[in-house]
Structure formats: structure tokens, C-alpha cells
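Letters A, B, ... mirror the listed sequences (proteins, then strands); counts begin at 1. Hydrogens, waters and symmetry mates play no part in the numbers below; they use all other heavy atoms, side chains included.
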Amino acid sequence: MSTRLPTFGNVGLAETLQNRRLLAGIVVFVVLALYPAMTLNAYHTRLLTWIMCFAIAAMGFNIVLGYTGLLSFGHAAFFGTGMYTVVLVMGRVGITDLVAVMVIAMVVSGLVGAIIGVLTVKTHEIYFALLTLALAQLLYILAVRDIGGLTRGTDGIGVTRPDFFGIPISELPAQIYLLGFYYHVVLVALAATIVLLWFVLRSPFGLTLKMIRENETRAEMTGVPVLRYRVYSMILSAMVVGLGGALYAVLIGHITPEYLDWTMSGEIVFMALLGGIGTFFGPVVGAGGFILLQELALSYTEYWHFTMGLVLFIVVLTLRENGIWGGAKTLVERLNDRRGEQ
Amino acid sequence: MSSEPILKTENVRKDFGSIVAVDGVSVEFYDDEIVGIIGPNGAGKTTFTNLISGALPLTDGTIIFDGEDISGLQKYKRVRRGLVRSFQIPQIYDEMTVFENMQASVLSRKQENNRLFTPTHRDSASVSETERLLELFNLEAHADDHTEHLPHGVRKVLDVAMSFALEPEIMILDEPTSGVGSREKNAVMETITEAAVEQQIGLIFIEHDMELIRDYSDRIVALHEGRVLADDDVAAVMNSEEVNQFILEGGV
């Protein structure tokens with residue numbers, strides 16, 4: 001039983017390096033950080049930035065699906081809100097610092113999450129999915145119809161380049177800006193999201209979300225204000241998804257309402273399912289798998305939707321909530337066991 | 001017996017459409033006694049306990065807990081005040097280990113659900129308390145098992161133990177031994193009542209097994225068609241003519 005209580009204060013460097021998962025994480029981070037400089041491959045770097053933006057969004061989404069146990073079909077609302085906030089804050093308000101813009105985007109997405117959360121909190125399962133879908137489509141229509149003259153409808157709006165703590169990075173040549181600088185911003189954001197969520201989801205707060213997922217009646221009868229915690233999880237989820245959207249907006253440089261549409265929500269759900277909603281890193285793997293698969297399928301066939309659907313069908317049927325990531329973990333464990341037996 | 005009742009119902013009533021499930025029940029409960037609730041199927045036993053825990057809204061009447069009117073209080077707030085129930089069909093968290101199930105109760109009692117960043121397995125206060133509780137209920141061997149694979153009897157004990165972890169003033173048990181093998185029934189009841197006496201928790205338990213009622217109750221409340229038929233010590237209720245006529249001979 002004493003193994004449950006590793007002392008936190010005096011963990012030395014040597015001990016940290018013995019933690020294989022942490023070590024693997026650091027290695028992956030360093031390799032990714034060096035990748036653009038090593039390969040000078042613009043296409044790959046852009047693809048990786050794209051994947052990382054969606055990895056953040058998929059992780060945020062999975063707080064609600066994987067931990068609180070609610071299937072939302074309206075997470076495009078938070079992704080799109082993050083994107084439009086970037087444009088509006090830079091274009092209309094005149095705040096151009098990248099970090100400030102990202103923080104504002106997260107706060108605004110969190111607010112939208114709170115509103116949608118409060119409106120949907122009493123519904124379950126299919127009703128929750130439909131209600132979140134309907135509310136997200138409402139935002140989509142607002143953006144398409146250009147109500148208030150903010151979004152310029154389906155034409156979309158261009159995103160100007162942000163500043164970074166007074167450094168005029170917007171004047172950098174395009175290659176250096178996108179491949180060098182911005183890639184690393186997104187990488188750090190993803191790493192920070194992973195570390196933060198790793199702790200949050202293992203804390204009493206994360207356990208409370210799991211209690212609600214596993215047995216709402218029991219959670220309530222254990223003294224947990226279930227509805228309030230469901231709203232909390234929506235807010236946290238919306239903030240993380242909004243960050244993903246905001247980072248993606250700066251990457252692509254042009255925003256249209258389609259990022260608020262239900263197909264966007266569907267893609268986020270797809271990524272989480274593909275990677276494994278029952279695992280912590282599943283959504284990250286799912287985002288990578290989804291985007292790579294899409295690129296691959298697009299280059300071979302115009303029926304790429306069919307290919308994607310087939311893959312998801314097979315993954316969900318065979319691996320269920322474990323997805324690709326959970327399946328890979330199980331495989332490695334089995335191989336290790338077999339090696340141990342010999 | 002304590003001078004003030006910890007829980008008191010006054011003319012509590014529940015209608016489902018034209019059916020009156022609980023028809024004006026007034027009973028007092030104290031925090032140092034074990035009360036058995038008996039009655040034939042449809043007598044309103046479960047409905048009555050659901051009214052107390054807040055799972056169902058009252059049609060009429062008042063519920064007083066610790067001197068305060070809690071008739072309209074939300075469920076989780078009643079729990080936080082010390083009015084706790086366990087379930088006839090175990091309500092536990094399946095995709096979690098026994099340890100996590102128990103720790104979830106411990107952390108919730110301390111109202112630490114909103115704590116971020118400290119991983120639960122590093123929270124030494126709740127970890128050691130969870131270990132102590134698992135030992136008290138003989139569950140330590142199952143600590144790392146996922147609950148979905150546990151035998152029914154163990155799930156039942158865990159369900160009760162999780163309610164005990166909330167350190168209630170009074171606890172309602174809805175058939176604590178249902179589904180438990182007849183040989184283990186006494187062991188389960190022993191464990192529960194010993195823990196209740198030790199921690200000074202008042203118990204209210206619904207039970208169909210008259211042996212258990214006779215052996216473990218200090219007092220019996222007999223319900224029939226939503227009304228209190230008898231409310232007295234064990235011998236008096238068991239010997240009451242009305243109780244015998246409506247309940248005991250009815251082959252409950």
C-alpha cells in the first residue's frame with residue numbers, strides 16, 4: 001500500500017529520468033521541436049502544426065465525452081468561437097499580441113461553454129447531443145447570415161498576423177514565421193495543455209467528473225452537485241477547444257463559418273473516437289491519425305469520406321473506447337508479458 | 001435515547017396521480033438507534049425513503065432534519081448535512097477500482113471535489129483514510145479490482161461502505177442484504193451495525209427478512225397502504241394483532 005504514496009517533494013533528476021513515460025514525453029517533445037530545423041520540410045511542418053491544433057481541440061472535447069461521459073455534437077461552437085474571437089479581437093478591438101489574443105479566445109469560448117452548458121445540463125445522451133448540435137447550428141447561422149456585420153458571412157475574414165510581446169514577428173518572412181516561430185508556439189501550447197490536463201484529470205476534480213460519468217445517482221447521493229460539475233466540465237472543455245480553434249485560425253489565415261458547422265463537430269468526435277475516448281492521449285493520436293489519413297486518402301481517391309468512414313467503423317468495432325492508442329498500449333503490454341514468460 | 005430526534009417526518013404525503021403512495025406518515029428517528037421498516041409490497045416503504053433522501057418531491061408534509069426544515073432541499077445538500085442513503089441495487093462506479101470508489105466518497109465528504117492539480121493518489125490524507133475504511137469493511141483485498149467484476153455480495157458491502165465514508169448522522173439502507181446469500185446475510189448486517197454503533201450513526205433499514213428485523217432493530221415501523229400501522233419496540237410490533245394480520249401472515 002505504501003507504493004501509493006510516492007513522496008512528491010524530493011524527486012531527484014535521476015528518479016525523473018527513470019519514469020519511462022515522462023522520459024518518452026520529453027524525447028517526443030524535443031524531436032518535434034527540432035523537426036522543422038532538421039528537415040526544412042515546409043509541407044510536413046505545416047501538417048504537424050495543423051495536427052497539433054486539432055490535438056488540443058480533441059483533448060478538450062474528450063473532457064466532456066471521455067471523462068464526464070456526455071456526447072456533445074456541438075463542439076464546433078467552441079472551436080469556431082475561438083477562431084472568430086481571434087479575428088475580431090485583432091481586427092476590431094485592436095489587441096494584436098498573440099498571447100493576449102489566445103487568452104481572450106479561451107475566455108470567450110469558456111463563456112460560450114458556460115451558456116451552452118447551463119442550457120443543456122439537464123439533458124442526457126441523445127437529447128444532450130441534439131441540443132448541443134442545435135445550439136451550435138444557431139451560432140453557425142448567425143455567422144453565415146452575418147448578423148451584426150461581424151463575420152462577413154460565407155466570404156469569411158482574413159486573419160492578420162499577431163505580435164509577440166512587442167516583437168514584430170509579423171514582419172518575418174513567411175517561411176520563418178510559419179515554420180519556425182508559429183510551429184513552436186503551437187507545440188508549446190499542446191505540451192502545456194497535455195501537462196495541465198494530466199494533472200487536472202487526475203485530481204479530485206477529474207475523479208468527480210468520472211463519478212458523474214459512471215453513476216450520476218451515486219455521485220448526487222455522495223454530496224456532489226452534479227449539474228454544477230457538468231457545467232464546469234463544459235467550461236473547461238470549451239476553453240481548451242477554443243484554444244485549438246484560435247491557434248488554427250492564425251495558422252490558416254482565413255476564417256469561414258464552416259468551422260462552426262456540424263461537420264466540424266463531427267470531425268472532432270471522429271478524432272476522439274479514432275484515438276480512443278477511454279484514454280488520456282487517445283485524442284492526440286486520433287487527431288494525428290485523422291488528418292494523416294485524410295491527406296493520404298485525398299491523394300489516392302476522391303471517395304476519401306468513404307475510406308475514413310470504413311476506418312472508423314473498423315476501429316470502433318474492434319477496439320471500442322480504447323481506440324488506436326488504447327489498442328497499441330494493450331498490444332505492447334501483451335508483448336512485454338510474453339517476453340517476460342520466456 | 002437522545003432527547004431530540006435527528007430526523008422527523010410530519011404528515012408526509014406522496015401522490016402519484018390518483019394513487020396515494022405515502023399517506024400522512026409522521027415518524028421520529030434518533031441518531032443512536034436502529035429502526036427497521038417493514039410492510040408488504042406497495043406499502044410505500046421505498047417511496048417513503050425516497051422522500052426523505054429527496055429523490056422524490058413531497059406532495060405535502062414536512063421533513064425536519066437536525067431541527068431544520070429540509071423538505072425542499074436539494075439531494076446533494078441533504079447528503080452534505082449528514083442524511084445519507086445506500087441502495088437496494090448497488091450504485092457504485094463501475095469503470096473505477098474499489099479504492100477509487102471509496103476515495104471518491106472520502107473526497108466528496110470533505111467537499112474537495114473542486115481541487116485541481118494534486119493527483120488523487122498523492123493526496124495522503126484521503127489515501128490513508130480510504131485504506132482505513134477498506135480495512136474496516138474487509139475490502140482491502142479487492143482494493144485494486146475494478147468493481148464490475150466483483151461478486152454481488154462485495155458490491156453490496158462496498159455500496160454501504162461508500163455511504164459510511166460520508167460520516168452521516170443517519171443512514172437509510174434499502175434492503176441491505178437483498179441478493180446476498182443467506183449464510184452471508186448475518187455477516188453483512190453484523191459489519192454494518194457494528195460500524196454504525198462505533199461511529200454513532202443512526203440506521204433506518206428496509207428489510208423483508210423478519211429474522212434480520214428481529215435480530216438487529218431497536219424499533220420497528222410497520223407501514224401498510226402508505227400509513228403507519230405500528231411504531232414501537234420489536235416485541236410490541238411483532239406481537240401486534242394488526243401487524244400479524246396485514247404483514248407477517250401476508251407472506252412478505
Check your understanding: Counting heavy atoms not belonging to Gln200(B), are there more than 12 under 6.0 Å from its CD?
Key -> no
Q | Other residues, nucleotides, ligands: >12 heavy atoms within 6.0 Å of Phe16(B) CZ | A | yes
When the 4.5 angstrom heavy-atom criterion is applied to Tyr232(A) and chain B, the contacting part is neither
Which residues, numbered in order, of [range] come under 4.5 angstrom of chain B by heavy-atom distance?
{"range": "residues 65-73 of chain A", "value": "none"}
{"range": "residues 111-118 of chain A", "value": "none"}
{"range": "residues 210-226 of chain A", "value": "Lys210(A), Met211(A), Arg213(A), Glu214(A), Asn215(A), Thr217(A), Arg218(A), Ala219(A), Glu220(A), Met221(A), Thr222(A), Gly223(A), Val224(A), Pro225(A)"}

Heavy-atom nearest pair, Val25(B) first then Val22(B), reads CG2-CG1, 3.6 Å
Smallest heavy-atom separation, Val64(A) atom then Ser233(A) atom, equals CG2-O, 3.8 Å
| message | Test side-chain contact (heavy atoms from CB on, under 4.5 Å) on Phe65(B) and Glu169(B); report intermediate values, then the result. | response | CA-CA 10 Å; Phe65(B) 181 75; Glu169(B) 303 280 333; 4.0 Å; yes
Hey, does Pro90(B) have a side-chain heavy atom less than 4.5 Å from the side chain of His152(B)? yes
Going by the angle between their ring planes, with limits at 30° and 60°, are Phe137(B) and Phe164(B) parallel, tilted or perpendicular?
tilted
TODO: On the 0 to 90° scale, with breaks at 30° and 60°, tag the Phe29(B)-Phe48(B) ring pair as parallel, tilted or perpendicular.
DONE: tilted
Cut-off 4.5 Å, heavy atoms of chain A, and the answer for Leu116(B) is both
Under 4.5 Å to a heavy atom of chain A? For Ser163(B) that would be both
So CG of Leu150(B) and NE2 of His142(B): to nearest 0.5 Å the spacing works out to 6.0 Å
Is any NZ, NE, NH1 or NH2 atom of the basic residue among Glu129(B) and Arg109(B) found under 4.0 Å from an Asp or Glu carboxylate oxygen of the other?
-> yes
Assess the side chains of His208(B) and Ser178(B): does a donor N or O sit below 3.5 Å from an acceptor N or O?
no
Exercise. Using only heavy-atom distances, determine whether the side chains of Thr97(B) and Asp144(B) contain a donor-acceptor pair under 3.5 Å.
Key: no
Residue pairs passing the salt bridge (Lys or Arg N to Asp or Glu O under 4.0 Å) test with at least one member in residues 326-335 of chain A, sequence neighbours excluded, are none
Heaviest contributor of heavy-atom pairs below 4.5 Å to chain A, chosen from Asn101(B), Val84(B), Asp159(B), Leu83(B), is Asp159(B)
Looking only at Gln74(B), Gln91(B), Arg80(B), most heavy-atom pairs under 4.5 Å shared with chain A are made by Gln91(B)
Q | Stepwise salt bridge (charged side-chain N to carboxylate O under 4.0 Å, His left out) check, Asp123(B) with Arg202(A) | A | CA-CA 11 Å; Asp123(B) 181 48; Arg202(A) 272 162 183 70; over 6 Å; no
Working note: Leu273(A) + Val315(A), criterion side-chain contact (heavy atoms from CB on, under 4.5 Å); need CA distance, chi angles, decisive distance, verdict.
CA-CA 8 Å; Leu273(A) 277 174; Val315(A) 166; over 6 Å; no
